Structures are given as C-alpha cells and as structure tokens.
Amino acid sequence: MVKSIIEGIADYFRECPLLSAGVFRVDALGDKPQEYTIETGIFNPIIETYIDGSSDRRYQFNFGSREYYSMDRLQNIANSTFYEDFANWVEAQEAAGNFPELPEGMHPEQLSVLSSGYMFDESMRNARYQIQLELIYHKEA
C-alpha cells in the first residue's frame with residue numbers, strides 16, 4: 001500500500017509502456033535527455049465535502065520530460081507525438097478503470113488530461129515538455 005498520493009501516481013506512471021527509456025523522478029528534472037518527472041501543482045484540493053465528513057477531491061500535477069530538441073522537424077514531431085500518445089494512454093487507462101493506487105481511505109474516480117503536451121522551455125540541444133493532469137478521488141471521513 002502506498003503512503004502518499006504522489007507515491008501512487010509515480011508508481012502508476014512508471015508502468016507506462018511509453019517510458020521505456022530514461023530516468024524517472026519526482027519534483028526534479030535533470031538537464032539531459034531523456035528524463036521524466038511528476039510535479040505537484042498549486043490547486044484547491046476539495047471539490048465537495050459531505051455531511052459525514054467525507055469529501056471528493058482533486059490532485060493536479062504535471063508530467064514533464066526532458067527531450068532531445070533541434071531545428072530538425074522530425075525530432076520535434078517525434079516529441080509532440082510522444083505527448084499525443086501519452087494522453088491517449090492516460091485516456092485509455094481511465095476508460096478501463098485503471099487508476100493509481102492511493103493511500104488507505106482514498107478511492108480514485110477519474111484521471112483526466114487537462115492540457116495537451118507542450119514545450120515549456122528549450123535550448124538548442126534539448127527541451128522540457130509537459131502535460132497537465134488531474135486525479136479526482138473520494139476521501140473517507
């Protein structure tokens with residue numbers, strides 16, 4: 001059993017078959033390709049609180065990566081295609097009811113892609129790309 005939401009999310013995405021190469025981190029991303037990271041965001045976690053003290057909540061986060069980048073059109077198309085494929089994988093997992101494991105008393109209900117993958121910053125050798133996601137879950141009282 002995982003001890004935190006971020007641990008469950010990190011374990012979940014480490015199983016993604018698209019991430020076969022590279023280093024996987026949490027709240028850190030190196031300066032050389034190919035690396036991946038899960039980073040927590042700034043958000044209001046509570047969606048709705050019920051009379052019994054339970055609540056529906058959200059956990060927003062970014063999935064980011066450091067990718068090779070250049071003026072080469074094919075390399076940059078490959079980077080964008082990775083994020084299209086990644087979003088499709090997340091949507092397929094959500095449709096199949098496959099969610100991250102959460103700590104005791106928390107039950108995942110939905111995993112959504114909030115943005116398409118986009119280049120966040122670049123140099124002439126590599127670039128940081130990211131996509132924003134949201135996990136909706138129920139927390140028992």
Side-chain angles (χ1 to χ4, degrees), residues 1-50 52-141:
M1 168 112 351
V2 298
K3 296 179 180 165
S4 68
I5 296 170
I6 192 70
E7 179 184 2
I9 289 171
D11 289 350
Y12 178 79
F13 283 105
R14 283 184 38 218
E15 299 299 318
C16 176
L18 299 170
L19 310 184
S20 59
V23 176
F24 192 94
R25 303 180 192 276
V26 173
D27 285 336
L29 186 64
D31 61 354
K32 295 183 180 159
Q34 187 161 22
E35 291 196 12
Y36 306 102
T37 187
I38 298 290
E39 298 171 326
T40 57
I42 299 170
F43 57 93
N44 178 358
I46 299 173
I47 298 170
E48 186 170 354
T49 302
Y50 299 98
D52 68 356
S54 66
S55 56
D56 289 333
R57 295 176 175 242
R58 72 173 50 92
Y59 192 89
Q60 291 179 346
F61 58 98
N62 295 328
F63 173 89
S65 66
R66 178 75 57 196
E67 305 287 345
Y68 291 103
Y69 174 84
S70 71
M71 297 304 287
D72 178 18
R73 174 179 54 88
L74 296 178
Q75 175 63 56
N76 299 335
I77 288 173
N79 293 344
S80 292
T81 299
F82 168 83
Y83 275 91
E84 287 179 30
D85 293 344
F86 183 81
N88 289 335
W89 181 83
V90 170
E91 291 168 0
Q93 297 305 303
E94 204 273 337
N98 296 328
F99 297 106
E101 180 183 355
L102 297 179
E104 188 174 346
M106 297 179 185
H107 310 283
E109 296 178 352
Q110 182 179 352
L111 181 61
S112 302
V113 174
L114 299 179
S115 73
S116 59
Y118 59 94
M119 185 171 45
F120 188 72
D121 69 23
E122 57 84 19
S123 71
M124 290 311 291
R125 291 188 208 142
N126 63 62
R128 178 200 163 102
Y129 287 78
Q130 70 181 29
I131 191 169
Q132 297 172 329
L133 302 113
E134 178 178 68
L135 175 67
I136 303 293
Y137 64 98
H138 183 78
K139 183 176 180 182
E140 298 173 0

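Everything numeric here is computed off the predicted structure, so don't read it as measured data.
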Which heavy-atom pair separates [X] from [Y] by the least distance, and what is that distance?
{"X": "Q130", "Y": "N62", "result": "NE2-ND2, 3.8 Å"}
{"X": "S65", "Y": "Y83", "result": "OG-OH, 2.6 Å"}
{"X": "P100", "Y": "P108", "result": "O-CG, 3.7 Å"}
{"X": "Y36", "Y": "L19", "result": "CE2-CD2, 3.6 Å"}
{"X": "Y129", "Y": "A127", "result": "CE1-CB, 3.7 Å"}

Just do the side chain to side chain contact (heavy atoms under 4.5 Å, CB included) check on Y69 and R125 with the steps written out, would you? CA-CA 5 Å; Y69 174 84; R125 291 188 208 142; over 6 Å; no

Per the side-chain hydrogen bond (donor to acceptor under 3.5 Å, both in side chains) rule, what does the pair list look like for residues 6-19, sequence neighbours excluded?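 Every pair satisfying side-chain hydrogen bond (donor to acceptor under 3.5 Å, both in side chains) with a residue in residues 6-19: there are none.
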
Within residues 94-113 or reaching into it, pairs that qualify as side-chain hydrogen bond (donor to acceptor under 3.5 Å, both in side chains) - sequence neighbours excluded: Q93-N98, H107-E140, Q110-S112

Atom CZ of F120 with >12 non-hydrogen neighbours under 6.0 angstrom: no

Any donor and acceptor pair, going by atom type alone, linking the side chain of T37 with main-chain N or O of A28 inside 3.5 Å? yes

Side chain T81, main chain I77, donor-acceptor under 3.5 Å: yes

Distance check, rounded to the nearest 0.5 Å: L114 atom CG versus E134 atom CD?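 If we round to the nearest 0.5 Å, L114:CG and E134:CD are 5.0 Å apart.
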
Nearest 0.5 angstrom please: L135 CG to M106 CE, how far? 10.0 Å

Going by heavy atoms in the side chains, are [X] and [Y] under 4.5 Å from each other?
{"X": "I131", "Y": "V90", "answer": "no"}
{"X": "I136", "Y": "R58", "answer": "yes"}
{"X": "I5", "Y": "P103", "answer": "yes"}
{"X": "Q132", "Y": "Y118", "answer": "yes"}
{"X": "P17", "Y": "W89", "answer": "yes"}

In terms of the angle between their ring planes, are Y59 and F61 parallel, tilted or perpendicular, with boundaries placed at 30° and 60°?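 Tilted: the ring planes of Y59 and F61 meet at 30° to 60°.
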
I would like to know whether D27 and I6 meet side chain to side chain contact (heavy atoms under 4.5 Å, CB included); could you show each step before the answer? CA-CA 10 Å; D27 285 336; I6 192 70; 5.6 Å; no

Cut-off 3.5 Å, side chains only: do Q75 and N79 have a donor facing an acceptor?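 Yes, side-chain donor-acceptor contact under 3.5 Å.
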
Intermediate values then yes/no, side chain to side chain contact (heavy atoms under 4.5 Å, CB included), F63 and I38: CA-CA 5 Å; F63 173 89; I38 298 290; 3.6 Å; yes

Applying ring pair (Phe, Tyr, Trp, His ring centres under 6.0 Å) between F13 and each of F86, F24, F99, report the one that passes. F86

Sorted by first residue and then second, give each salt bridge (Lys or Arg N to Asp or Glu O under 4.0 Å) pair with at least one member in residues 29-48; sequence neighbours left out. R25-E35, E39-R128

